[in-house]
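Just so you know, ligand 1 is whichever comes first in the structure, and atom 1 is the first atom listed for that ligand. Count residues from 1 along the sequence. In this text the structure is predicted, and so the values were computed from the model without any measurement.
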Amino acid sequence: MKRKLRIGIIDLVAKGPTRALFSRIMNANMASIMPQALGVWCEQEGHEVTFVCYTGFEDLVTALPTEPDLVFIGTFTEAAQLAYAVSNLFRSRGAVTAIGGPHARCYPQDSAKYFDYVFGFTDRAAVNQVLSECAQHRPEGVVIAAKQQPAELPGVRERWRFIEPTVKKAPLLKVVPMIGSLGCPYTCSFCIDSTVPYQALDTDVITEDLRFLLTRFKRPIVAWHDPNFGVRFDEVMEAIEQAGPPNSIDFIAESSLSLLSEPHMKRLKRNGFKAVLPGIESWYDLGGKSKTGKNKGMDKVRQVSEHVNMILRYMPYIQTNFVLGLDGDEGPEPFELTKRFVDLAPGAFPGYSLLSAFGRAAPLNLEYQRANRVLPFPFHFLNNNQAMNVRPKNYSWREFYRHVIDLVSYSFSYRAIARRCKATPAMVPRWMNVVRAVSSEGFGRIRYHKEVHRRLDGDREYRSFFEQETTSVPTFYKDIVQKDLGPLWEWLPAGALYHDQNAYLKSASS
Ligand code: B12
Ligand code: SF4
């Protein structure tokens, strides 16, 4: 007879305890879909599930039953050290542990040191395999991966048992995660989805889920987790339009500029879309994605600004994403061009990411590893802004950080914040822009980048790490991890601050 398992599922949205106001308001709104889907599958197999979305305010030690049989942890790389500590803690109590999510996909070898099972692509069959075996695999865990992304995922109605307690934690805006597609038809070489074929999920499930949400909220807010929302634009719009009266749900989506044409914007507005997050990435590379063709430099800045201003006529909120430090960038010009963009499209919130190579996420990472350009920063800092783990091709570190500080200071100067306010008439988006600018994302990052720059000048241990003279993690970083993990620091396994930054290359050439 099948054994009924006590299963714990943890969705790590935060990387340690926090008291920050923005985290209290927003963290629960960043919950992932897969841990909820997993909960549905495990219960359907007859197991007992305890689910926690960890937003930084819960006690992870007491949130799960004391002696679960199996603990699943879903995590991004930035929370990997926390995940490793939690796994160690539950293993000490006899549990079998499994990891899934972006970190497991990017760093399977490292994850296998601390977990019994490491998930790649995950479908119901892959999960069932682990549920029926549920055994220890130590010292090295086994990798379980479906051949491709799942053909279907449980919808909101089925996931509601796990969504409800999660949105309850969000005091103001309550955002429900949904997904209509996996993979992407574009091939931006730095992206985890550049090699994953585009695949649409069932649109009937979308309509049914939206109808269900209209019975649960007066005005639901839905965040689409599609890597690139709206590739099959008409189909997904029809699914939304069939769910209820026009503009009865607020939507947020990540979409590429090439999909955000004026006719599409009109329809998105009619259907309640309130925020989009397109990637611009760079003024020199990746023209296909933003539909700027061969346009580069200042021509691309003008074209993209006009496009973004057009979007803002239909949508109250837009965040434009840039990657700083791409190989195509050289000298001050790329940064100056972004400053011109901030002037020409004052209503857009600029999201800056430092070039990051997340293990085996993208084919381009092999090139960086081959050229010995990847630095072994502890995972805790790999969130696109607390560390850049690829040595820039055309800048020294100090030069690069000088440009970053200049650009971020310009983008979050009082003048730019005031212009952004003026260009954002709606109250909630205006408030979001100001809070984001004066909190950790704007002012906080300027302070942090300045500290990095100061240490590159004066802290020998720190500089040696950046210059790849040593792989020994500087005390500065160790101290932050220790502080951020709080009481769970004691459970961080020996050696878990370190990882092999070239593991992908080694596995590809073996
Ligand atoms: C939607 C999205 C978001 C949303 C929702 C985040 C969330 N909690 O899910 C928002 C906007 C909030 C977000 C924020 C961030 N994101 Co994001 N995001 C994405 C995006 C576009 C899609 C991910 C997705 O949901 N796909 C759909 C799911 C179903 O598929 P999947 O992710 O491939 O997962 C499969 C398997 O991994 C597995 N699986 C997934 N989770 C789990 C969990 C368990 C327990 C198991 C067993 C299996 C499993 O099953 C899935 C089906 O096969 C990806 C980029 C991309 N193109 O994929 C980036 C991406 C995941 N984000 C990334 C980053 C860096 C961030 C931020 C740190 C950015 C920042 N500086 O703020 C934050 C961190 C947020 C947090 N800690 O929760 C990186 C992650 C790299 C890494 N290794 O950590 C990615 C890959 C983009 C990139 N830079 O390449 N993000
Ligand atoms: S368009 Fe976006 S999701 Fe698609 S490959 Fe490029 S960066 Fe990735």
### Query
Is the F412 ring parallel, tilted or perpendicular to the F349 ring (thresholds 30°, 60°)?
tilted

Side-chain atoms of residues 147-156: list all donor-acceptor pairs with protein atoms under 3.5 Å, sequence neighbours left out, distances to 0.1 Å.
none

### Summary
The side-chain hydrogen bond (donor to acceptor under 3.5 Å, both in side chains) partners of D11 (sequence neighbours excluded) come to S32

### Summary
Within the 4.0 Å heavy-atom cut-off around ligand 1, the contacting residues, ordered by chain and number, are V13, M30, A31, S32, M34, L38, I73, G74, F76, T77, E78, G100, G101, P102, R105, C106, F119, G120, F121, T122, Q149, P150, I179, L182, I192, D193, H225, P227, E254, F358, N383, N384, N385

### Query
With under 30° as parallel and over 60° as perpendicular, where do the rings of F162 and F51 fit, or are they tilted in between?
tilted

### Element-labelled atoms of ligand 2 that are located less than 4.0 Å from some non-hydrogen atom of C184
1 (S), 3 (S), 4 (Fe), 5 (S)

### Task
Using the six-membered ring wherever Trp is involved, compare the ring planes of F379 and Y107 and label them parallel, tilted or perpendicular (cut-offs 30° and 60°).
tilted

### Message
Under a 4.0 angstrom heavy-atom cut-off, which atoms of ligand 2 come close to P227?
### Response
3 (S)

### Task
Could you tell me whether atom 8 (Fe) of ligand 2 has an N, O or S atom of C191 under 2.8 Å away?
yes

### Query
Would you call D484 and H380 a side-chain contact if the rule is heavy atoms closer than 4.5 Å?
yes

### Message
Give the atom numbers and elements of ligand 2 that come within less than 4.0 Å of a heavy atom of N228.
### Response
1 (S)

## Note on the structure
Across all chains, not counting sequence neighbours, the side-chain contact (heavy atoms from CB on, under 4.5 Å) partners of C106 are I192, F358, A361

### Query
With no hydrogens and no angle check, do the side chains of T338 and Y352 hold a donor and an acceptor under 3.5 Å apart?
no

